[in-house]
Every structure is written in structure tokens, then in C-alpha cells.
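Before any comments, here is the structure.
All figures in this text were calculated on a predicted structure; none of them were measured in a lab.
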Amino acid sequence: MFIDKKAFSSFSVNDIDKAKEFYQDTLGLNANTIEMGGGYSMLELDVTGGTKVMIYPKPNHTPASFTVLNFPVDDLDKTVDELTAKGVKFEQYDMGDMKTDEKGIVRGNGMGPDIAWFADPAGNIISVLKNS
């Protein structure tokens with residue numbers, strides 16, 4: 001039924017203008033505004049290879065309690081340093097095997113790749129992780 005269909009993901013934010021600035025200017029993604037009519041607009045992120053992520057405004061937005069986007073990168077330390085220089089604050093976790101270092105990176109914990117998490121302006125969690 002869905003095998004030949006192009007799926008996409010979406011999530012909400014409380015301020016579409018702040019979201020556009022963050023995703024476009026801070027993360028360097030193409031963030032296209034789509035006017036839906038009646039003063040309502042959404043963002044369409046072009047993340048890779050034609051994959052789209054839709055971001056929509058929601059007045060009673062509650063940040064996702066899980067990771068909404070994951071970005072594999074070749075050099076995790078360099079990416080974390082570059083984003084930190086742009087004002088991105090990385091999350092700090094200390095949950096048993098999942099403990100971040102001073103940069104906010106979980107390294108070699110055996111549960112997956114090296115990874116770091118940060119929040120967008122609406123509080124949604126995003127990760128950058130070592131490309132395997």
C-alpha cells in the first residue's frame with residue numbers, strides 16, 4: 001500500500017518565523033514558506049535528496065519529548081563546535097550509560113553512534129550524530 005509512496009515527516013512549533021530563522025540561518029537548511037490561505041503558513045524543509053519535512057504552527061504547541069530530526073554528519077566534534085559558535089546550546093544528559101561530555105556528546109556508549117542533542121526555538125529536540 002505505501003511501498004511506492006513518498007512519505008514525509010512533520011512537527012509543530014509555536015512561532016513559524018523563529019523556526020524559519022533557526023532552520024534556515026542557524027542550521028543552513030532550505031526553509032520555504034508555504035502560504036496555506038487565511039493568513040496561515042507552514043515551513044517546508046528540504047533536508048536531503050528531495051526529502052521534505054513540514055513544520056506547522058500550533059498555538060498550544062508542546063515541545064516533542066523525543067528527537068524529531070536526526071542529522072548524520074561526518075565530523076561530529078566539528079559540527080558541534082560550529083553550531084555552538086552560532087549560539088546553539090547542546091543538551092546535557094546523565095542517565096547511566098547515556099552521559100554527555102562537556103560538549104554535549106554521548107560517545108561510544110555501545111547503544112549507538114556518538115550523538116549530541118539540541119532544541120529548536122520551540123523546544124523540539126534535534127540530534128547530530130556520527131555518520132557511520
E91 to T100 - nearest heavy-atom pair and separation:
O-CG2, 3.9 Å
Listed once per pair and sorted, the salt bridge (Lys or Arg N to Asp or Glu O under 4.0 Å) pairs that draw on residues 48-62, sequence neighbours left out
D46-K52
In this structure, would V47 and I55 fall into the same cluster of hydrophobic residues linked by side-chain contacts under 4.5 Å?
yes
Summary of side-chain hydrogen bond (donor to acceptor under 3.5 Å, both in side chains) pairs that have at least one residue in residues 78-89, sequence neighbours excluded:
D81-K103
Could you state whether V128 and F66 fall into the same hydrophobic cluster, counting links through intermediate Ile, Leu, Val, Met, Phe, Trp or Tyr residues with side-chain heavy atoms under 4.5 angstrom apart?
yes
Working to the nearest 0.5 angstrom, can you tell me the gap between N14 CG and H61 NE2?
5.5 Å
Approximate separation, where rounding is to 0.5 Å, of I16 CD1 and E21 CD
13.0 Å
V53 and F8: CA distance, side-chain angles, deciding distance, side-chain contact (heavy atoms from CB on, under 4.5 Å) verdict:
CA-CA 6 Å; V53 174; F8 66 93; over 6 Å; no
For a quick test of reading the model, state the closest non-hydrogen atom pair linking S10 to Y56 and the distance between them.
OG-CE2, 3.9 Å
Option passing side-chain contact (heavy atoms from CB on, under 4.5 Å) with V73 (candidates D75, L76, D77):
L76
Qualifying residues under side-chain contact (heavy atoms from CB on, under 4.5 Å), relative to N131, sequence neighbours excluded
P72, D74
Answer yes if F22 and L45 sit in the same cluster of Ile, Leu, Val, Met, Phe, Trp and Tyr residues linked by side chain heavy atoms under 4.5 Å apart, and no otherwise.
yes
Qualifying residues under salt bridge (charged side-chain N to carboxylate O under 4.0 Å, His left out), relative to D101, sequence neighbours excluded
R107
Output a table of donor-acceptor pairs, distance under 3.5 Å, between side-chain atoms of residues 29-41 and any protein atom two or more places apart or on a different chain; print 'none' if there are none.
residue: T33; atom: OG1; partner: K20; partner atom: NZ; Å: 3.0

For residues 115-127, tabulate all N or O donor-acceptor pairs below 3.5 Å that involve a side-chain atom, not counting sequence neighbours.
residue: W117; atom: NE1; partner: T67; partner atom: OG1; Å: 3.2
residue: D120; atom: OD1; partner: A122; partner atom: N; Å: 2.9
residue: D120; atom: OD1; partner: G123; partner atom: N; Å: 3.0
residue: D120; atom: OD1; partner: N124; partner atom: N; Å: 2.9
residue: D120; atom: OD2; partner: Y23; partner atom: OH; Å: 2.7
residue: D120; atom: OD2; partner: N124; partner atom: ND2; Å: 3.3
residue: N124; atom: OD1; partner: A64; partner atom: N; Å: 3.0
residue: N124; atom: ND2; partner: S12; partner atom: O; Å: 2.8
residue: S127; atom: OG; partner: N70; partner atom: OD1; Å: 2.6

Honestly curious: do V88 and V106 fall in one hydrophobic cluster under the side-chain, below-4.5 Å linking rule?
no
Would L83 end up clustered with L129 when hydrophobic side chains under 4.5 Å apart are linked, directly or stepwise?
no
